[in-house]
Protein chains: 2
Amino acid sequence: MYVSARSDYAVRAMLAVADAGGDPGQPGSGGELVKAATLAETQDIPLSFLQGILLDLRRAGLLHSHRGTEGGYALTRPAAEITVGDVLRAVGGALTTVRGLPAQDAGYHGVAAGLRDVWLAVDGAIGVVVDRTSLADLLVRRDHPASH
Amino acid sequence: MYVSARSDYAVRAMLAVADAGGDPGQPGSGGELVKAATLAETQDIPLSFLQGILLDLRRAGLLHSHRGTEGGYALTRPAAEITVGDVLRAVGGALTTVRGLPAQDAGYHGVAAGLRDVWLAVDGAIGVVVDRTSLADLLVRRDHPASH
DNA sequence: CAGTATTCCTACTTAGTTGGTAGGAAGAGT
DNA sequence: ACTCTTCCTACCAACTAAGTAGGAATACTG
């Protein structure tokens with residue numbers, strides 16, 4: 001699996017929003033806006049590059065943005081309901097691609113006919129990991145590294 | 001997971017060698033040499049590009065080559081003892097890379113500390129699939145697609 | 001309500017990798 | 001000597017990733 005800088009930044013930014021802004025489901029700490037400049041500084045991400053990533057996350061429905069003097073970004077759903085897989089697919093398309101195409105579209109003939117099933121199995125295995133890990137899981141894991 | 005054209009071609013070429021040349025472990029059908037031009041034609045791979053891939057596979061110890069009029073390539077081990085993971089690592093280095101670096105070397109700080117474990121879990125999940133699937137498995141799966 | 005400050009958002013530029021090609025040098029058989 | 005095939009190096013085009021700069025929208029302030 002190749003995790004691009006864009007995907008890596010996206011997950012880290014979402015974690016920072018969840019941590020600094022609080023969950024929208026949690027009463028009292030919900031919906032606080034976090035500025036892009038704050039995210040860029042705390043996670044050491046180039047600001048201009050980060051803005052393009054945040055735009056993708058907003059278009060995918062994972063973030064809510066607000067302009068103006070006290071503007072910023074916030075999660076649209078609680079951190080426990082957003083998975084790493086959601087973030088990866090929002091910025092990078094399909095998880096598994098073969099020569100740039102989704103694994104499902106790989107057409108083989110002859111002796112390599114069974115190969116398509118291998119890529120689909122890989123895609124499924126990756127999905128199990130990233131779709132079962134939520135942002136909230138990662139935040140508590142930071143405090144309790146032994147938990148699994 | 002991004003499967004590059006180079007990796008895809010490599011697995012298909014290995015399958016074609018295993019199918020056409022026979023296993024070195026099988027008496028009577030072992031060690032027959034297959035020409036690069038034959039592989040390129042049967043699997044529809046550009047010949048010049050394929051030659052560079054075959055060179056990598058030879059250097060990784062997966063193929064044995066022979067020059068001359070009746071030259072060609074053959075497996076160094078039986079097809080049942082060569083996994084898809086062996087081939088992928090021979091031509092593409094590490095299975096999981098984060099921003100071009102192996103997943104183990106990813107260094108995170110602050111709120112993203114738990115992210116490294118996710119990439120390692122993904123790497124392990126991919127490894128389970130590709131390291132348990134041998135070339136021989138794929139060849140018999142072509143004849144019996146229902147088997148798993 | 002005009003002005004200003006700060007934000008989101010869009011467009012462009014640059015560097016690196018991937019995919020693919022061409023041409024020969026070295027070795028093996030006839 | 002001649003032919004065939006692998007082996008090796010250098011090169012080229014296309015694409016994506018990474019990063020930058022400037023413009024448009026919005027909210028606050030006097």
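Each chain gets a letter, A, B and so on, in the order its sequence line appears, and its residues count up from 1. Please read these numbers as outputs of a predicted model, since none were measured by experiment.
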For DNA chain D, whose closest nucleotide is more 5', that of A:S48 or that of B:S48? B:S48
Selected nucleotide, minimal atom distance to A:T69 side chain, candidates D:dC4, D:dA18, D:dC28: D:dC28
Kindly indicate whether the side chain of B:R67 and the base of D:dT5 share any N or O donor-acceptor pair separated by less than 3.5 Å? no
Salt bridge between A:R89 and A:D131, side-chain N to carboxylate O under 4.0 Å? yes
Heavy atoms of chain A, cut-off under 4.0 Å: which first and last nucleotide of DNA chain C, 5' to 3', fall inside that, if you could look? C:dT7 to C:dG20
Return the value, rounded to whole Å, for the distance between atom CD1 of A:I53 and atom C1' of D:dA17. 11 Å
Once you apply a heavy-atom cut-off of 4.0 Å, does A:S65 come out as touching a base, just sugar-phosphate, or nothing? sugar-phosphate
Got more than 12 heavy atoms from elsewhere within 6.0 Å of CD, B:E70? no
Heavy atoms under 4.0 Å, any strand shown: does B:Q51 hit a base, just sugar-phosphate, or nothing? base
Counting any heavy atom closer than 4.0 Å, what does B:S4 reach on the DNA or RNA strands: base, sugar-phosphate only, or nothing? sugar-phosphate
Which residues in residues 35-45 of chain B have a heavy atom closer than 4.0 Å to any atom of DNA chain D? B:K35, B:A36
Over all heavy atoms of both residues, which pair between A:L39 and A:A16 is shortest? Give the atoms and the distance, please. CD2-CB, 3.5 Å
All heavy atoms of A:R6 vs all of A:F49, minimum pair found to be NH1-CE1, 3.9 Å
What closest approach, in Å, do A:V111 and B:Q43 show between heavy atoms, and which atom pair accounts for it? CG1-NE2, 3.3 Å
From CG of A:L50 over to P of D:dT20, roughly how many Å is that when rounded to an integer? 13 Å
I need the minimum non-hydrogen distance between B:V98 and B:A103, along with the two atoms involved. CG2-CA, 4.2 Å
Expressed as a whole number of angstroms, how long is the span from A:R6:CZ to D:dA17:C1'? 9 Å
Kindly give the heavy-atom pair with the smallest separation between B:D86 and B:E81, and that separation in Å. OD2-O, 4.1 Å
For A:A10 and A:V91, which heavy atoms make the closest approach, and how far apart are they? CB-CG1, 3.8 Å
B:R59 vs A:H66, nearer the 5' end of DNA chain D by closest nucleotide: B:R59
Most 5' of A:G72 and B:L47 on DNA chain C, judged by nearest nucleotide: A:G72
Figure out the OH/C1' separation between A:Y2 and D:dA17, and round it to whole Å. 7 Å
To the nearest angstrom, how far is B:Y73 atom OH from D:dC4 atom C1'? 14 Å
Tell me yes or no: between the side chains of A:R99 and B:Y9, is some donor less than 3.5 Å from an acceptor? yes
